[in-house]
Structures are given as structure tokens and as C-alpha cells.
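Below: one structure, written as C-alpha cells.
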Amino acid sequence: MTLVSNDPSWWPTISSFSIFSYFVVASSAALVYDWALTFGQEIELIWKRRWSLVTVLYLNLRYIGIINAALILLPNLPSILLTDTCCDAMDALQNWLNFVVNAMLGVIMIHRLHVMYRRSRGILISLTVIVLAVTIACGVVTAKANNYITAEALILSGTYQCIYNYGGDAQILISTNWILYTTWEVLALCLAVWIAVKHFRELQQSSRGWTIRDCFTVLMQAHIVYFASFTAVSCFELGYLSPQLSNSSSMGSQIYGGALEIFQLVQMFVLGPRLILSIREYHDKLVANSDAGISMTTMDFQEHVHMSIGSDMFTGTDLSKAGSDV
């Protein structure tokens, strides 16, 4: 039921909600700005290439991000009136979109690691089983958490807000999701670092290793930046285990929540797509700068087009493959 009040005692709450709305607008604007900034690259590296699973993953991440930003923005603009039902539905949809996006990011990580491990069937099966288990568990937890979350529309001194009540074990369940996601991301980072260090050492003895080293550098740079952002989001999410944050509408808690929104949008919908875009961009530059007579084979990420640039990728597998495939 919508609460209507002109009581001045609500003014501190209105002020704190306004602070949070500034963060939401800023994060949404940053997301749209990044999309506009990389749209030219997207046309060249995504739309003009033959479509594949990776193409679908990239486009879903990029454009679900814009939908997600709208779902966050609408309930937090003080000039837009929503009913309790709308607030509840938009929150549930946002939670499920985040679940789907994390599943897609898991698939991208599997693909990158599969290429880095020379298309090992063992690593592919192991990672698929792990990600599938984490995804199923998080899906069950998300469904349970949504049952405990209720929304209420407020009309306070002419401004409109949605507030969410986390009953039962909702906050614990949400934090459980992030613990599972964090465990997976730490494992993925460890596997990536291990194989990168192993091949960097091997390539120190090779005079032909510059192309491979550069490709691994691009892979690891994107992965580490993404992981750092994910770690920040996880720390913020786990902070909500404190009742002082989860049950507060103070200005400090709203600033905390606003910072979380910024980090989460950047992690999922800016750095997530760049895991694909950065490698495709690197691969195109490598091909453009390559000398004639060197052979390089491209893979799934670059539509299996065969070009001439080098042979041995990781002691038997083309790493230039990884440049197009991850």
C-alpha cells in the first residue's frame, strides 16, 4: 500500500534518497557514455563479423546493461510515481537479470581459460561443471531471496520513492550468492595467473615469443582489472550483512549503496564486454601490423578466418588463436 505523508520528520529520509538517486543517475550516465564511446569498435569488431556464441554474449551483456540501468533508475527518480507492484516487479526483474549476466560472464571466463589451456577437454569439463553448479545454486538462492523482499511506494512531500524491505534471511541469501560468485572468480583468476606465468617462463627461452607474450599480457590485464572491480563489488555486497547498513536509510548508507551501484554496473556491463572487445581489438592490430609470410590462425572469436602470422602458440597451439578466440 502506497504511503502518503507531508510530515517534516521524513525530510532527512528524502534527502538521503536524493543522494542515492544522484549516484544512480551518475552510474547510468557512465554506462551510456561507455556504450557511445565504444560503439564504433562494436560496429567493426562485433556487428560486422560472422555471428557466434561470443557475439551473442557480448551483445547481451552490453544491452542488458542498459535495461538494467533503467530498472535501477526509474524507482529512484523522485519525479516518477510507481505503484507497490511496479516497484516489486522491477526489483525482482533486476535480480534475475543480474543472475543471468553472472551466468554469461561465467561462460566467457570458461571460454578464455579453455583457450589459454590449449583447448584442454579436461579443463573445459571441469570449469563447466563448476560454473553450472554455482549457477544452479545461485538461481535457487535468488528465487528464495526474492520471496523475502517486498516493495513499498512512498509519496513524501511531493516526491516519489520505492523502498524495499528485506525480511527473513533475504540479506544472508543475497550475500551467499556473492560468496559463491567470489569463490568462482578467485578460482578463475588463479588458473589464469598460473598458466600465464608458466608460459611466460617457457617463452623466455624462445626468440619467437613476442606475439604470444603480448597476447597473454592483454588477456591478463583485462582479467585483473575485471577481478579488481568484482572484488570491490563483493566487498560492498558482503557489507550488507551488517544490520547497521541493511536496515538503515541514513545518508551514509545511501552513499554506500550508491557506490555499490556504480561499481556493479562498471564490473558487469563495462568491464564484462571489454573482456571480449579488448582481445578482438588486439587481434585486429596484430593482423594489421603483421609481416607477410608469417602465419596465424584465427578461431571462434574471429570467425575461423585463416590468416598468415606465426605458428606455435603455446608449444603446439596457436596463441594468436587466443587473440581472436577469447
Side-chain angles (χ1 to χ4, degrees), residues 23-24 26-28 30-31 34-35 38 54 57-58 60-62 64-66 68-69 71-72 94-116 127-128 130-139 141-142 145 171-196 216-242 245 256-279 326:
F23 279 94
V24 170
S27 62
S28 301
L31 181 63
D34 180 75
W35 170 77
T38 59
V54 174
L57 290 172
Y58 175 89
N60 275 316
L61 281 177
R62 178 57 86 186
I64 284 178
I66 295 175
N68 193 71
L71 291 174
I72 299 171
Q94 184 189 343
N95 290 338
W96 282 114
L97 283 179
N98 288 343
F99 164 76
V100 171
V101 167
N102 278 304
M104 289 191 294
L105 289 169
V107 174
I108 291 173
M109 285 299 177
I110 290 174
H111 198 66
R112 289 166 65 93
L113 290 169
H114 185 213
V115 171
M116 294 176 77
L127 293 177
T128 300
I130 292 170
V131 170
L132 189 59
V134 169
T135 301
I136 291 173
C138 289
V141 170
T142 299
Q171 199 58 63
I172 294 175
L173 290 170
I174 293 171
S175 297
T176 300
N177 263 356
W178 283 99
I179 291 171
L180 291 172
Y181 288 136
T182 302
T183 302
W184 154 246
E185 291 291 347
V186 169
L187 174 62
L189 179 67
C190 291
L191 289 171
V193 169
W194 185 85
I195 195 67
F216 260 109
T217 300
V218 173
L219 283 168
M220 291 309 302
Q221 283 177 342
H223 200 132
I224 289 171
V225 171
Y226 171 83
F227 181 78
S229 179
F230 179 88
T231 301
V233 173
S234 294
C235 290
F236 274 102
E237 286 284 357
L238 294 175
Y240 277 111
L241 286 172
S242 169
L245 279 174
Y256 185 94
L260 170 59
E261 291 297 338
I262 291 176
F263 277 111
Q264 191 166 28
L265 281 180
V266 169
Q267 176 250 322
M268 287 183 169
F269 305 117
V270 174
L271 298 179
R274 285 176 186 270
L275 290 173
I276 297 170
L277 207 59
S278 61
I279 284 297
V326 280

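If you're wondering where the values come from, they're calculated on a predicted model, not measured in any experiment.
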Next on the checklist: Before you tell me yes or no, could you show the steps for L57 and H111 under side-chain contact (heavy atoms from CB on, under 4.5 Å), namely the whole-Å CA-CA distance, both residues' side-chain angles and the distance that decides it to 0.1 Å?
Outcome noted: CA-CA 11 Å; L57 290 172; H111 198 66; over 6 Å; no
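- Considering only heavy atoms from C-beta on, M104 comes within 4.5 Å of I64 through its side chain.
- In this structure the side chain of L127 reaches within 4.5 angstrom of the side chain of L191, judged on heavy atoms.
- Among all heavy-atom pairs drawn from G272 and L105, the shortest one is CA-CD2, 3.8 Å.
- When side chains are defined from C-beta on, S27 does not count as touching L31, because their heavy atoms never get closer than 4.5 Å.
- The distance from atom CD of Q221 to atom OG of S278, rounded to the nearest 0.5 Å, is 9.0 Å.
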Next on the checklist: Evaluate C138 against Y181 for side-chain contact (heavy atoms from CB on, under 4.5 Å), listing each step before the verdict.
Outcome noted: CA-CA 8 Å; C138 289; Y181 288 136; 3.4 Å; yes
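- Taking the six-membered ring for Trp and the full ring otherwise, W96 and F99 have centroids separated by under 6.0 Å.
- Interatomic distance, CG of L132 versus CD1 of I110, reported as 8.5 Å (0.5 Å rounding).
- Shown here are the ring-ring contact (aromatic ring centres under 6.0 Å, His included) partners of F269, two or more places apart in sequence or in another chain: there are none.
- With sequence neighbours excluded, the residues forming a side chain to side chain donor-acceptor pair (under 3.5 Å) with T142 are N177, listed by chain and number.
- In this structure a side-chain-to-backbone donor-acceptor pair under 3.5 Å is present from N102 to N98.
- Within the 6.0 Å centre-distance limit, the rings of Y240 and Y256 are counted as a close aromatic pair.
- Side-chain contact between M268 and L61 is absent, with no heavy atoms from C-beta onward closer than 4.5 Å.
- Between V233 and W178 the shortest side-chain heavy-atom distance falls below 4.5 Å.
- L219 is listed as a side-chain neighbour of I279, based on a closest heavy-atom distance under 4.5 Å.
- Of all heavy-atom pairs between A137 and L180, the closest is CB-CD1, 3.9 Å.
- Residue pairs meeting the side chain to side chain donor-acceptor pair (under 3.5 Å) criterion with at least one member in residues 258-272, sequence neighbours excluded, are Y226-Q267.
- The line from CZ of F227 to CE of M109 is 9.5 Å long, rounded to the nearest 0.5 Å.
- Of the inter-residue distances, the one linking I174 atom CD1 with I179 atom CD1 reads 12.5 Å to the nearest 0.5 angstrom.
- Atom-to-atom distance recorded for N68:CG and N95:CG is 9.5 Å, nearest 0.5 angstrom.
- Nearest heavy atom pair, residue S175 against residue E237, reads OG-O, 3.9 Å.
- When the shell of 6.0 Å around CZ of F23 is examined, it contains more than 12 heavy atoms from other residues, nucleotides or ligands.
- Here the closest non-hydrogen pair linking L277 and Y58 is CD2-OH, 3.9 Å.
- Atom CE in M116 sits 11.0 Å away from atom CH2 in W194 (nearest 0.5 Å).
- Formation of a donor-acceptor pair under 3.5 Å by the R62 side chain with backbone atoms of P273 is not found in this model.
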